[in-house]
Structure formats: C-alpha cells, structure tokens
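In what follows, a structure is listed as structure tokens, so that the remarks can point back to it.
Since the model is a prediction, treat every value here as computed from it, not as a measurement. To find a chain, count down the sequence lines: A is the first, B the second, and so on, and within it residues start at 1.
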Amino acid sequence: MSISKTYSPREAEDKWYNYWMEKRFFRSVPDDREPYTIVIPPPNVTGVLHMGHMLNNTIQDVLIRRARMQGKNACWVPGTDHASIATEAKVVAMLRERGIEKKDLSREAFMEYAWEWKEKYGGIILEQLKKLGASCDWDRTKFTMDQDLSEAVVDTFVHLYKKGWIYRGIRMVNWDPKGKTAVSDEEVVRKEVNQKLYYIKYALIDQQPTGSHQPSVNSYVVIATTRPETIMADAAVCINPNDGRYKHLKGKSVYVPLINREIPIIEDEYVTMEFGTGCLKVTPAHDLNDYELGVKHRLSVIDILNDDGTLNEKAGILVGEDRFAARKKIAELLDLHHHLEKVEDYKSQVGFSERTDAAIEPRLSMQWFCKMGEMAGPALDYVLDGEIKLIPDKFVNTYRHWMENVKDWCISRQLWWGQQIPAWYNQHGDWVVAKTREEALDGFLEKADPDRKFSENAARGFKAQLDPFLKQDDDVVDTWFSSWLWPISVFDTSVFGDPANPGNADLQYYYPTNDLVTAPEILFFWVARMVMAGHEFKGEAPFKNVYLTGIVRDKLGRKMSKSLGNSPDPIGLIGKYGADGVRVGMLLCSPAGNDLMFDESYCEQGRNFANKVWNAFRLLKGWEIDDSMPFANAVPVAWFGNRFAEALEEIDQHFDGYRLSEALMATYKLVWDDFCAWYLEMIKPAYQQPVDRETFNHTKAFFSQVIRLLHPFMPFLSEELWHDDVFGERAESDCCIVAEYPVLGHPTNEVLLSEIQAVKQLISEIRNLRNSKQLSPKEALPLTVKSGSDTDYQVYKDIIVKLANVSEVAISEEKVTGAASFLVGRDEFFVSIPTGLIDAESERERITKEIGYLRGFLKSVDAKLSNERFVANAKPEVVENERNKKADAEAKIRILEENVIRLT
RNA sequence: GGGAGCUUAGCUCAGCUGGUUCAGAGCAUCUGCCUUACAAGCAGAGGGUCACUGGUUCGAACCCAGUAGCUCCCA
C-alpha cells in the first residue's frame, strides 16, 4: 500500500481534532496526579483570531501538550472576556444600522440586544483556536459575564469597599467622548500629532487706579496654546516667579479674550519658561496639570464641555459646537478681534482611545476608584522574591517600577455592557454599597439607625418608603475588574464573598496555576492585578511563571494591524500551510520576550518540515522485512539511541528555560539531520532490498520516539502517523496526545558519539572531493586510513562504504602516493582518484594554507603557555586544554608538512 | 524629560559563569544533482571589523565607561 507523496494536513486536522474531543483527552478533573494548569488570557469575545493570538496560543498548547504527555494532569482553561467598551461599541453600531439609538432604549432592552449580539458573533475566536489545535478543556469554557463570574465581581467590589479600598471621587479622568466613558491610562494610546500652537493675546487690566501709573510696555500678555477652544474655561494665567520678563505682571489680572472674563495672574515654578512665551493659561477642568495647579492655587473649575465633546453653555460662545470645530472657529474669531498674534506648527503627543480612536479629553468626573497602595506591596514581593518568575526576567525592572509608582485604578465605566456597580443611591444622592437591592435597603436602614433603635415596624416602614427612590449606579466596572479574578474565578467564585473559604475541589487542586502566557503590554493592568487579587483572595500568587511573548510584527518591523493591512489571515495561513506548519512557523521566529518579525516563509519552512517527517515515514513504511537476515545495523542503532538521548537533554533544558524556539530548533535538527539525513541513510537498504527484522524494529521504535517529541509542536502530523498500521493495531485511546513523552536518559556512549562525528566529517570530505573533482557519485572509490588516533575505522566500514560510496576501507601504516588526502582530527585519509585529477600545484597551495593557519594557531597557543601569568592565573583545566591544543596542532602540522614534501 | 532594552552573516536569532584560530544555527544565496522516502528534496560551497571609541585583563562578542543608531515603557 502506498501513501501520498506529500503530507496533506486538512483531513488529518479535522479527523484528529474531533477524535481527541470525542475521547475527551482535553478534559481534566482533579485526581491524584500532579496538576499542570494554564488559564488562557481571555480574548475579547467580539474578536477574531490575529497573529498575536496565534503565537500566544501556540505556546500555551505546546506547553500543555508536553505536560500532558509527561503524565501530568494538564488543564488548559479557555474563555473570553466581555470587553465592555469594544462590545458596546459594536452593539451600538448594530442598533444604529437597525435605526435604533441607544439613548432610546432602556438598560434592560439594550442588554437584551447585547446578549443577542454576543450569542451570535461572540466566541468565533474560540472556534478558530480549535483549528490551531488548541487542546483546551472546552467543558470549562468561561465568559467574564457568566452569572457566577459576574457575582464574583460584585462580591469583590463589596469586599474591597468594606476594606476601604474602593472609594468614589472627583478626578481628572481620560474621557472618551465617542464612547462617552472614562478609560484607564492603559487604554490611552499616545500618538504624535501635527498641531498648531496659537499665540493669543490676553489684555492686561491695570488694577492700580490713578496715581501710580506703571509704564506698561505691553498692554497684553501672550499665551501659547494648542487648545484655543478652552480659553473660556480659563481660571488663571500662570507665570514662573523666576521669570524676569514678567515681573511687571505680578498681582495683576487679564481678560479672557472674546468673553472678557477677568482672571488672575498667578505664579508657579511649574511653568517652563522656555516653552511658548513662558506664560501659561490655566484651565483646571480640561487639563490634568492645570487641574493640579488649580487645586494648589484654589482656582475655580469651569467645565465647558459636554460628555460628547461639544461645548456647553458655560462656554458662553459657540455652545453646541464640537471641540474641534470650535477650535477652528475660535481661532478665526480671535484673529478677527486681533487677539491672535501668530500661529505656529507644532508636534505633540495626544492621547487617543484604544477602543474608539477618539482624542481623549481630560475631564473631571465622579468615578469609582480602587486603591492600589496596599495591594501593590505584596504583589511586588512575589516577583522580587522569585515566587513568580517573569520570563524573560528583564521585565522584573519594569514591573517593579510600575508597582512602586502605582496610581489608583479608575474602575467605573459609563457603559451598560458589564457588571453594574453595586452602589445604591437614595433620593438625596447618599449611597451604600451592597450586593443586592435588599441589602442596600438594609444598608440605608443601618445608616439611619446605627444603634438599631427602630422597631421592626418602623424599620419596615423606612425601607418601604425608601424603596421607590432607591436607584443603582448606572455605571459598570472596568472589564479588567473581572479579568483580574480570572485564575480563581474560572474554578470557583465562592471565595470572593468569603476569602476565608478554602474553595471547591477544583480551586484547591488547580490553584495556583503553573504558567501564564501573555503579552508584555498587559503586564501591569492584567498580570499585576491578577497577582493582587490572588494574594487578596487566596493568599497565594495565581501562577508560578509568566511567559511574556513578543509583538508580532511584519518583516519590515511594523506592528501587525488591521489598518495597515499587513497581517495575514491566520485561518488562511492554516489552510495554506497546515496547522502544524503554522505552529512551527510561529515558533521558529519567536525568541522569548522579543518581538518577532513574522514572515510567511517561516510557515513554509514548517510545512516543509512536516513533509520531511511524512516522507521519512513513507520510507520506513515501504520496507520489506526479511526475518532470515541477521541484524546488520548495530552501530547506527547504537549511535542514534545515544544521539537521541543527547538531543533530548538539550531540548529539555530549552523547555526548562522557556526557550521554545530553541527547543523546536533542536528537535528540528535532530529529526532532519540526525534521523533523516544520517541515521536513515545509514540503515537504508539498497533499492528493493529488504531490511532485517531487528533494524526495522529499532527504527520503528525510534520513529515512535521522534513522533512523541514532535507532538507538542506538530500535534496533527504526529497523531496521524501514530495511528499508521506500521505500528500495528492501536487501542481506541492509544493516541500520541497521551503517549508518554520521551524520558530523559543520558547518552551512555560518548566515544561512539564523537567517533561518528569524525566519520560524518570523513564522509563529507569524500563527498566534497567528488564534488570539486566532478567525480560521479556512482563511481566507488578506494579509501585508505592512516590512523593517528584510537578510532578503529573498520567498525564504521559499512557506514562509510554506504554513505561515501567507497569500494574499500583499507588500513595502512603508510601514506598512499598519488592519492587525494585530507585530515580528520589526527587521522589521515587517502582516496585514490585518477592521477590526472590531482593538481599538485593547487594541492600544495591548499596544504600550505592550512599549515599557515595551524602555525598561527600554534603560535597563539604557545604565546599563552609561555606567558607565566597565564599559567599562573588560568584555571588548570584551561591550561591543560591549551597543552592538548598545542600537541594536536603540532601533530597536524607534521603530517601536512610531510605531505607537501611528497607533492614535489 | 525619566526608565528599560537592543545593535553578531543578506534575513531571523544563539553565543550560559571572559579561555580552542570562536565567531555559530536556521532560512536565503551560489554550485552540482529528477541518486524511486522526500525538488516542499539530495550533496557540497561561499558569506561576519561581533555598531563605534577607549579601558580592565595573561586573554574580551562576552566585563566597565563613553559615543552613535534603533525599540519599548512612563511622563
């Protein structure tokens, strides 16, 4: 029976993924084995798979599959987060298409639409992960707005509020006027933008009445600003007290242009004298720094913007205009009224909403905050103490810097899609925080009657009266306020209401998880906060290792993005190169923690590798076995066994250090070079010749090991081959995915490994000789060995004969005249070729060159050895090594010198 | 402006605690092969002032200082 010449991934992928699901190999329940757990960084429920996910999830799947094969109880928990801003934006867009405005809907009606949308479009990404081969325990799939996870969020809110770690306050927040919500600092993307710097004249008011006229050079001051539309919100003009130019302004006032409101001139060293004119307009309601300045100098706060970014009546003019339209118009007005001195081009950093791309408006508003101070300390210690390892560890510095300068977390969002804040207000705007309406009523009762003096009736009456006015906070909490609970909440949500509760069996078994694989961009607002929540609710870090992947860039180094259109469609790639090919491709170019310059050619390399393995298998499969033949390949079999052990040791070390791309490369070379190019060629019978039983069995066993080694990287191909009938009948649950991972054993025969190394070099030399002399590979050449080492080349005769097409391997004490010669180590080899092909001149040149090289080498070695300080200071083994090098070089030079003489 | 990191072959990267004349891998390139497992392949070959300048050392790609360029994070 013949199998196709190339591996075709498509059928294998669907077939085996379904089979794994059917046999429930991904399923994990607690038992007495050691757990190995990963929780997926929940992708946005509205998202589709992009290259970053591909990388991230390939890594997780490699780790989880390897652990599973190593006999651990491997559990990979999948799920999605509800991405409040992104999802709400999509729902709003959908409604608009249907002609419905959000503001016309009740909260309940809107939520119905939102859930409908989520059911319809949400979770596509999880289906896409299956195409990649992700072996998640799908029965455990979680969503951050699941009933229990939402309850966990509310419990957490109440818990932290009771501890005094959640508070409500007026703060300057990053306002997204398009999404009409506050966003966190982390959700603001700063970009450099070409702007204009407007130089505006503010008329001076001479406060000193008659008598002491000061000869004023200017009757106005000039202020440079990029935001002229905010002048109506100005509360002061600020100068630096050290600025000699403006001494005359101290204690005076100016008029705000156009509206002629009087504002004071204040002094503060905050002002940069060199920037603009050195005069700053202070607008506390619309700039963070100005706000702080305003607080310091007790300035009034005039907020002239509506939540959608249009000007409100407090602006006095241009009411209802959008802020950007207003900017243009105000510039014109200023110009018209001769308040504009000049306009310059100016580049500056402007924040944009990550979700809606609207320019962020610093805005004062009432928000809920979570205190970070108390939680940051322990969360930092886990990392500094090494209880949590960041990989690569360069991120420890960044982590520390952030944790030591942490700011309180604004957790409220002016949205509906998410967990509604469990704060309840009465008609006077007083509030209590409570899990339910009932508890809120109790809360108000307790506030009103702290000493419980009310009769039962009075209490009931109080609540009945309050009830119609009781209103829950309109806002929801930030999505990260759900995801920071993720490593706990996916298993058990009972601990959030009661941290003393040890949790259910799942939580006790799987928590803390082992590895977290995520992007460095969210180290702070996700990883760090998970550590905080883990510590708060479990008293233990949520994971042991955090593997931080790089950003997937295109080969020009640009971040892959939809707008650039430089990101390949991952599902398309899988179709083109196979899931295994793409997985290999991703890993080949992904050093830990560094960005990767992705190029499709890596996937091609992955596909080619899959095909190589496939064809090696075809070779084995095609062999006929002759039971009467004796075992002919003891040496190759012994060698590959040792080589495999040696490579496995290296691969394991790479895995231990999370150097996955190097683990893959080591595997790749073991399979392609050692197994295919050397081992299989050594044992391969001549065309249409049978192979002996023992060789066949050993090779089959090697193959089985190789397939297992490949499985974490290439699950589909390995599973497909695993079930080939070459391996006989397999039991239903006998699958590669649960086969035992090769167990580390040290190579037992170092001599054999190094001697084969020499043999391989010898064979390459002969092949090279043929190539350079254009000798046919079909013509067998006689080989003579003049050994200078302990190696017995007769042991390797069969291998040399086969791979170098040598007619004989003669051992001699003498040099062979009229033959091509070369050295491997201290062993000298002679290949008889037609004398006409030996060019004495070029031969002499080659050898002379080599001697020159060796003499240089020897000189440097001698220099070291004759240097007393070297011999005195260097480690003994280093000195010993130098002596060996010296002897080796001298022996080689002697041989080569003889050869040069013989050529003449 | 503050902090972190990077710079090694055409490309992507290794190079652990200085010690082979140490400069390495994969891909790409070049040469020769359709040798019945594989042209998605086989056999060979070429390719680098380890960013630059100094210093420490018996010895530096590796340690130190400075310079230049790039990237990221925070303001």
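The side chain of A:Phe524 sits closest to B:C73 out of B:C73, B:U12, B:G19. Of the listed nucleotides (B:C38, B:C58, B:C73), B:C38 has the atom at the smallest distance from the side chain of A:Arg618. When each of B:U12, B:C27, B:C38 is scored by its nearest atom to the side-chain atoms of A:Gln605, the top-ranked nucleotide is B:C27. Picking from B:A14, B:U21, B:C38 the nucleotide with the shortest atom distance to the side chain of A:Lys885 gives B:U21.
As judged by a 4.0 angstrom heavy-atom cut-off over every strand, A:Arg607 is placed among the base-contacting residues. Contact annotation for A:Asn881: no contact, since no heavy-atom pair falls under 4.0 Å across all strands. Contacts of A:Trp623 with the nucleic acid, taken as non-hydrogen atoms under 4.0 Å apart, are absent. Using a 4.0 Å heavy-atom criterion, one finds that A:Ser601 contacts no nucleic acid atom at all. A:Lys886 comes within 4.0 angstrom of nothing in the nucleic acid, heavy atoms only. A:Tyr668 comes within 4.0 angstrom of sugar-phosphate atoms only, judged by non-hydrogen atoms across all strands, and of no base.
A cation-pi arrangement, defined by a distance under 6.0 Å to the six-membered ring centre and an angle within 45 degrees of its axis, is present between A:Arg767 and A:Trp678.
Looking at A:Tyr687, its side chain comes within 3.5 Å of the base of B:U36 through a donor and an acceptor atom. If you check distances only, the side chain of A:Lys612 does reach the base of B:C38 with a donor-acceptor pair under 3.5 Å. For B:A43, the base has no donor-acceptor partner in the side chain of A:Glu681 [N/O atoms by modelled type, under 3.5 angstrom].
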